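Naming convention: chains lettered A, B, ... in sequence-line order (proteins, then strands); numbering from 1 in each chain. Predicted model, so just to flag it, every value in this text is computed and none were measured.
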Amino acid sequence: MSHTLSIEHVTKRYGRFVAVDDVTFEAQPGRILGLLGPNGAGKTSTIRMIANITAPDEGSIRFGGREVGPWSQELMGYLPEERGLYKKLKVGAQLLYLAELKGLPTLEAKKRIRYWLDRFDAESWAGKKTEELSKGMQQKIQFVATILHDPALLILDEPFSGLDPLNSELLREIILELKGENRTILFASHRMEQVEQMCDDICLISEGRIVLQGALRDVKRSFGRNTVLLDFEGDGAFLDDLEARGLVRLGARSVSRVEINLLKDTPPRLILETAMRHVREIHRFELVEPSLNEIFVRTVGKQAAAGQTAPEPAAAESFS
Amino acid sequence: MPKIWIVLKSEFLRRVQSKWFVGITLLAPLFIIALMVLPSLFMYYASQSEQRIVGVADETGVLFPALEAASDEQLRFVAIDEPEADVREAVRAGTYDGYVVLPASLLEGDGAVTYYTGEGGGFSARARLQSVVERAVEQQRLAAQNVPPDVLQIVNTSVPVRTIQLTEAGEEVGNSEFYFLVGFLMGIAIYLAVFIYGAQVMHGAMEEKNTRVIEVIVSSVRPFDLLMGKVLGIGVMGLLQMTIWSLLVLAGLTFAGSILAQFINPADLNLPADASQEAILQAVELQIPALSPLVFVWFILFFVGGYLLYASLFAAIGSAVEQQQDAQSLMAPVTMLVIIPILFMVSLLESPNAPLSVVLSLIPFFSPILMMVRIAITDVPLWQILLSYVLLIATFIASIWISARIYRVGVLMYGKKPGFRDLIRWARHA
């Protein structure tokens, strides 16, 4: 069975508020799909429907060609953005409970708990109450709970939050390993550099609708090489001048580095020439595809500018 | 393995394995038995140890012999003729517990008796003193009027009251106060159990929501299975606890007599040292009546029914709120439903077979407490018990169905504190 996840024309309403509006996309096994979008865009609503926690009002969600349901929950591991474990329960008992709920037999579950705790260098935690662990440790335990039952579909919402660089690296390794085992992985995050690093495909949702989707490479290519990366020493005031004249838009910027988007066919050499007149030294001048961050800001910003941003009803907050 | 079973097992085990559970389960019966046994023991010891010595300044010159004759283990009367100042000193020194002055005018039906005492309290001693003096004055005055002895006998007759309870098994002597107490305690026990275990269900639901673990759980199990598993798991824990308690109390009552007898010295009761336990207990007028095991069976069944009904409501409330204080306003109506039968309990104990009592004990939200009280104190027709139980279970099925719908929406709802209207909306649209 091919473990393709297909979301077809899915709509979800809460009262009069449309949280997800006719969304269609596909996630392929062996690939990581980045699910992006600003806060309140409908990511969590979409994920909850995929996880069969809520049901779509219209459209269908299939996994391997079959409508999702309790059966698919057993094949799916979900790491929600809002983490949570039973505080008083010991780590071992906690993992066992969560694994059994996924349909794993007790003995098999115990074996895998040992394997994964060992993998995360956490074998000594099994007898500890969860509340005794640090936040980072709890994150790891929750990740273990997500993958214990060997799920074919993984939904990871901000999996790296709260982890130190060492643990982030370990987690990244394991996620890529899981991808290599031909699992279908959904990766939701606001951290664009992580998405860029991990994902093969992206799907950008804003206000309940898909505004951009496709393979990450294609998406970036479609935005063209109209971005200049500039590393320099000296006074960066000239940049503001360029922006004021409507020639460029400034992206990520620090004292000595800036991402410059060329507007209206502004030639790259204009930037270089201006910079040479104003700064002491230039360490890098490179014409690149825009960063995902930039693409996100541009796409979502454009949509907002089009005046479609209606203030959300307060009650909808809880669903998003 | 069905998911309900996995949830049930986990909820049950994680509670039963806590030190809190083991401690409460073992200590509570000791407390209950102590509560039932200690008062009679105290009364026995009090009567043994505290004999009050009361001096009598008899200005009538005729009453003292009657008083002296009425001395018993609680009160002993001794004549005094020292000056009053010396007597006061003797009371302060503790030689006498008090003294009483009987003025001569007493025999003319005039004047008052004054009782001087060194301590406060001692109401029963005062009441006893009053009746002894009253009777002595009465006798004296009757004698002075040359009342014939057969009339005296009529005046002196006291009427003993004996209670016999009629049951299907025939008549049982005596213990209606005891069944009264059992009925009351069982009613209160079900009330407390419903509240305490129901609150645990509510807190369980609230904790899952608060810690956000609920999101992971509902991606593995249907909310209905989670709700049922939780209610049943905590219910089995409660059932285990109640069964242990019932058995321990039952055993305690069976052996309470023997235990009690160990504390009593037969010599105090003018019994031979090798007197049997029955003889001893009879002598102290202490009886521990038997209780039909069927009453305990119904007690467990009504506890289960009442718990299930209320726990399903508490679970729905717990799923709707994030914090304890938000739960208060939603809990108020449920709390009312549990408190109403407690309010009616006294009148029910008074007249368990009055039409109002019968009707109230059939109403599902009240029957766990009120029908139980009736079963304990009187013979309730079987059809009434069965009818109330069927109604109770039917109401539970309806309430768990509604609660599951509220639960499904509630567990994922954060932010705004929901009101009753929200709950109804969720139940209708879920």
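Interatomic distance, D225(B) CG to L101(A) CG, rounded to the nearest 0.5 Å: 10.0 Å.
K9(B) and E100(A) are joined by a salt bridge, as a carboxylate oxygen and a charged side-chain nitrogen come within less than 4.0 angstrom of each other.
Looking at T146(A), there are no atoms closer than 4.5 Å to chain B (heavy atoms on both sides), in backbone or side chain. For chain A, no part of V411(B) is nearby; none of its heavy atoms comes within less than 4.5 Å.
Contacts of D150(A) classified as salt bridge (charged side-chain N to carboxylate O under 4.0 Å, His left out), with partners at least two apart in sequence or in another chain: R183(A).
Within residues 209-221 of chain B, the residues having any heavy atom closer than 4.5 Å to a heavy atom of chain A are T211(B), R212(B), V213(B), E215(B), V216(B), I217(B), V218(B), S219(B), S220(B), V221(B), listed by residue number. Near-neighbour residues of residues 78-98 of chain A relative to chain B, defined by a heavy atom under 4.5 Å from a heavy atom of that chain, comprise Y78(A), P80(A), E82(A), R83(A), G84(A), L85(A), Y86(A), K87(A), L89(A), Y97(A), L98(A). Chain A is approached within less than 4.5 Å, heavy atom to heavy atom, by no residue from residues 300-309 of chain B.
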